[in-house]
Structures are given as structure tokens and as C-alpha cells.
Amino acid sequence: MFAISIDQIVIFTTTTVNTSFMRILLLVLISVYVGLFNSIVAQDPHYSNNRAVSNYFNPAQTGDFAGTWKVQMACRTQYQRTFEHGVAGVEMNINSPLSKKHWIGIGANILYDKMGSLAFKSTGGTINLGYHIFLDKKKTSSISLGGGLGSLNMGLDASNYRSELTLLGMTDPDKMPVNDFNGRINTMQVGLFYKSAIDKKNSLSLGAALMHLNAPTFSIITNKDVGMGRRINVQAAWLRQVSKLVLLEPSAYLSFSEGQSNINLQVHSSWKLTKDATWSVVTGVYHRLGESVGLTVGYKNHKTYIAFNFDILTGSVGQVLNNFGAMELGGYHIINKYVKPVIKPEYFCPRI
């Protein structure tokens, strides 16, 4: 499972594409993917509502929005009926001292995750930094570099622990060490993100991130270390303005870890009810290969986005679990801080 998330994609009004740069960027992304594929190994909670907490999926998207502050949240129930995975955070944009075409995003996320019959719980947070550069004078394309540091505290609840001895009414000596487990890991992540307007109606975004760069480890009961292995996330999205009322966005989010792949294919759309409307209805469908299909419904305007996702289990997962699916609620709100100009009065009468 993996955590995903992508921010809003801005449609620019005019641009041309630098084809040589696009080719170089694609080669870089492919090289990163091929070079790291054999070394990635881990499990994280995943989010279908990736637009709500995009910098959790890729730290390079920290600050990738038009505004000063961004408050974000996503919570998810994984085949149960209580929310057991959650992310909440805040981001801020500041000017870069290097150039007017550059800006810096700073963000912090608080994480919560609980899963399994042993209630394996991890709580903690991450601090992310994103550096964003416009690539042309018209500001129609940009590239972002990002990184982050995180710390997670982990624990277990053995109240539902079951083994051969406990089923026979006997005391299991492993139960106490499990219940007393308290671990901590520190993680690092890096990312790259690119977006560009192709023309007045189309825009493209590409990204890649390496999570758990330091491959942290911890141990439970025995002295054998358990690895939180490296994970690579890859994303691609195409946003098209179908009409003055409708935007269509097919996208793909891929995560590779522990020799497994998690591929999520999505098609989102937003619909304005009238040409003058300032808000849109959000709808979407998605398919996580080999696991589930899902539906999205929500609301957005130029500052606020909120959506509800519902997964319907498919394949072998649906045959094993009794629950029908998973639910998720997420969104964000952007705050613009306007600076009031200080105007010095001018006196035209010499007697004053």
C-alpha cells in the first residue's frame, strides 16, 4: 500500500513546449525508475484522494499552489468502519532570494496509521521543503525539487493477539513483548516534479519520488531488524479543457516496493453548472489494479477542494475480506495573504 497524493494542476493561457527539455526530463525519470527498482522494499498506507495531500506522495509538490498558505487533510478507512489512516498538514510559500522566477514551499504533515489485528500503529510527522523554478518568461512551465525528513513512533496492541497457545486458553510468552513494543524510525525522501501548459486547453505534469531514502529499520520481539524499505512513486497527469464547463484529467499513480507494484489509474472531471459559476462539481472513477475500483465525488473552486472516495474490492482481496470496501475523505483550502501597500501622503500646499 502506498500514500498518494497530487495537488491541483493550473491551466495556463499561453505556452509552447520545449521538446528538448521534455525529452531530457523523461530520460531522467526513466533512469531514476530503472536504477532504483531493484532496491525498493516497504509498506505505507495509501490514499486514493491524492490531490488532497499531494506532498505526502511527492515532497517536490510542497508549495506547488497559487497562494500563501495551504491547509490539507486526508483520512481513510481500510476495509473497516472507523478511520484508521490520516494525514493533516500545512504548507507555506515564500519568495526566493535567488530570482523572481523562483519560489520556496515549506510544509509539515502529521501522520497517523493503524492496521492489522495487532493494531500496528505509527504516529509522527514530516517536514518538507520544495524549490520551484519557472522555466519561461510567461510562467507556463515549472520544475520543482523537493525533500523531507520524518520521524515515526510505532507500537502494538496485543489485546486482540491470537496464537496457538492463546486459543487453547494458555499464556503465550510472546504476548508481553509484543504489547510492550515501542519503536521509532527516522525517514528521508526526495522528489522531482514538472508541469507545463501544452496550449490553452491542455497541460501536462510528471513526477517521481523516492521515499524512505535511508531505508530505516526496527525490531519486534527478536533482534532481527525489520526494514522500512525504499519506495519509488511515479505520477503522470494530463488536464484537458473539454469545454467552458468541463475539465477532464486522466492520470496514473504508480508505487513500487517490496518487489510489488501498486498501480492506480484515474479519470477525474470537474463540471461547472453555468459559464459564470466560480465552483465545480468533481466526479471521478479509478482502478487500483488487482485490488479495487472506486468512485469520487466532491466540490472545488480556485481555493478549496474536498472529495469523498469509495473503494469497491475486486479480485482475490474481495473474496478474502468480508467488508465491501474502503472510504476516504480529503481536501485542502488555500489562503492568500495580501499585503496592504503603505502610501506616503504628498502635500501640495506649501503652507501646510
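Basis for what follows: all heavy atoms, side chains included, without hydrogens, waters or symmetry-related copies.
Both tests pass for Lys70 against the ring of Tyr332: distance under 6.0 Å to the centre and angle within 45° of the axis.
Annotation: side chain of Lys300 is in contact with side chain of Ser270 (closest heavy-atom distance under 4.5 Å). When side chains are defined from C-beta on, Thr126 counts as touching Leu111, because their heavy atoms get closer than 4.5 Å. Side-chain atoms of Pro59 and Met211, non-hydrogen and from C-beta on, do get closer than 4.5 Å to each other. By the 4.5 Å heavy-atom criterion applied to side chains, Tyr305 and His333 are not counted as neighbours. Residues Leu295 and Val285 have side chains in contact (heavy-atom distance under 4.5 Å, counting atoms from C-beta outward).
Tyr253 and Asn58 share no donor-acceptor pair across their side chains, judged by distance under 3.5 Å alone. Judged by distance alone, the side chains of His132 and Ser144 do bring a donor and an acceptor atom under 3.5 Å apart. Gln72 and Asn109 share a side-chain donor-acceptor pair at under 3.5 Å. Side-chain contact annotation: Thr283 with Trp271, donor-acceptor N/O pair under 3.5 Å present. A donor atom on one side chain and an acceptor atom on the other are not found under 3.5 Å apart for Arg230 and Gln189. Side-chain polar atoms of Glu91 and Gln61 form no donor-acceptor pair below 3.5 angstrom.
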Any chance you could lay out the side chain to side chain contact (heavy atoms under 4.5 Å, CB included) test for Tyr56 and Ser54, step after step, and finish with the verdict?
-> CA-CA 5 Å; Tyr56 185 41; Ser54 56; over 6 Å; no

Dump the intermediate steps for side chain to side chain contact (heavy atoms under 4.5 Å, CB included) on Leu192 and Leu145, then the final yes or no.
-> CA-CA 5 Å; Leu192 173 69; Leu145 306 174; 3.3 Å; yes

Give the intermediate values and the outcome of side chain to side chain contact (heavy atoms under 4.5 Å, CB included) for residues Leu210 and Arg231.
-> CA-CA 6 Å; Leu210 177 61; Arg231 170 184 301 280; 6.0 Å; no

Dump the intermediate steps for ring-ring contact (aromatic ring centres under 6.0 Å, His included) on Trp103 and Tyr131, then the final yes or no.
-> CA-CA 6 Å; Trp103 78 99; Tyr131 192 79; 8.7 Å; no

When you look at Asn93 and Ile104, which way does the side chain to side chain contact (heavy atoms under 4.5 Å, CB included) test go after all the steps?
-> CA-CA 6 Å; Asn93 283 333; Ile104 299 171; over 6 Å; no

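For the atom pair CD1 of Ile198 and OG of Ser203, the computed distance is 7.5 Å after rounding to the nearest 0.5 Å. With values rounded to the nearest 0.5 angstrom, Ile143 atom CD1 is found 8.0 Å from Tyr194 atom OH. The distance from atom CG of Leu152 to atom CG of Asp113, rounded to the nearest 0.5 Å, is 9.0 Å. The distance from atom OG of Ser142 to atom CG of Leu135, rounded to the nearest 0.5 Å, is 6.5 Å. Distance OG/Ser261 to CG/Leu289: 7.5 Å, rounded to 0.5 Å. Here the straight-line distance linking atom CD of Glu249 with atom CZ of Arg240 works out to 14.0 Å at 0.5 Å rounding.
Judged by distance alone, with hydrogens and angles left aside, the side-chain atoms of Thr62 form no donor-acceptor pair with the main-chain N or O of Asn128 at under 3.5 Å. The closest donor-acceptor contact from the side chain of Glu328 to the backbone of Cys75 lies at 3.5 Å or more, if one exists at all. Between the side chain of Asn186 and the backbone N or O of Ser151, no donor-acceptor pair lies under 3.5 Å. Asn309 contributes no side-chain N or O that, together with a main-chain N or O of Met327, makes up a donor-acceptor pair within less than 3.5 Å. Formation of a donor-acceptor pair under 3.5 Å by the Asp136 side chain with backbone atoms of Thr140 is found in this model.
Counting non-hydrogen atoms of neighbouring residues, nucleotides and ligands closer than 6.0 angstrom, the CD1 atom of Ile127 reaches no more than 12 such neighbours. The number of heavy atoms from other shown groups lying within 6.0 Å of CG (Asn336) is above 12. Summarising the local packing, CD1 of Ile110 is surrounded by 12 or fewer heavy atoms from other residues, nucleotides or ligands at distances under 6.0 Å.
The two residues Phe57 and Ala209 come nearest to each other via the heavy atoms O-CB, 3.8 Å. The shortest non-hydrogen separation linking Thr187 to Pro216 is CG2-CG, 3.8 Å. Shown here for Gln241 and Lys244, the closest heavy-atom pair between the two residues is NE2-CA, 4.0 Å. Between Leu248 and Ser269, the shortest heavy-atom contact is CD1-CB, 4.0 Å. In terms of heavy-atom proximity, Phe310 sits nearest to Ile312 at CE2-CG1, 3.7 Å. Among all heavy-atom pairs drawn from Arg51 and Ser251, the shortest one is NH2-OG, 3.8 Å.
Linking ILVMFWY side-chain heavy atoms closer than 4.5 Å, directly or via other members, places Tyr286 and Phe308 in two distinct hydrophobic clusters. Residues Ile335 and Ile94 fall within the same hydrophobic cluster, defined by Ile, Leu, Val, Met, Phe, Trp and Tyr side chains chained together at heavy-atom separations under 4.5 Å. Transitive grouping of hydrophobic side chains (ILVMFWY, heavy atoms separated by less than 4.5 Å) keeps Val267 and Val282 in distinct clusters. In terms of hydrophobic clustering, with Ile, Leu, Val, Met, Phe, Trp and Tyr side chains grouped at heavy-atom distances under 4.5 Å, Met73 and Met92 are assigned to different clusters. Val246 and Leu239 are assigned to two separate hydrophobic clusters, defined by single-linkage of ILVMFWY side chains at heavy-atom distances under 4.5 Å.
With respect to the salt-bridge test (charged N to carboxylate O, under 4.0 angstrom), the residues Lys195 and Asp64 qualify. Here Asp311 pairs with Arg76 in a salt bridge; the nearest charged N to carboxylate O distance falls below 4.0 Å.
For the side-chain contact (heavy atoms from CB on, under 4.5 Å) with Arg288, the qualifying choice from Ile263, Asn262, Val293, Thr314 is Asn262, the only one to do so.
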Review item, side-chain donor-acceptor pairs of residues 273-280, under 3.5 Å, at least two apart:
| residue | atom | partner | partner atom | Å |
| --- | --- | --- | --- | --- |
| Thr274 | OG1 | Ala277 | N | 3.3 |

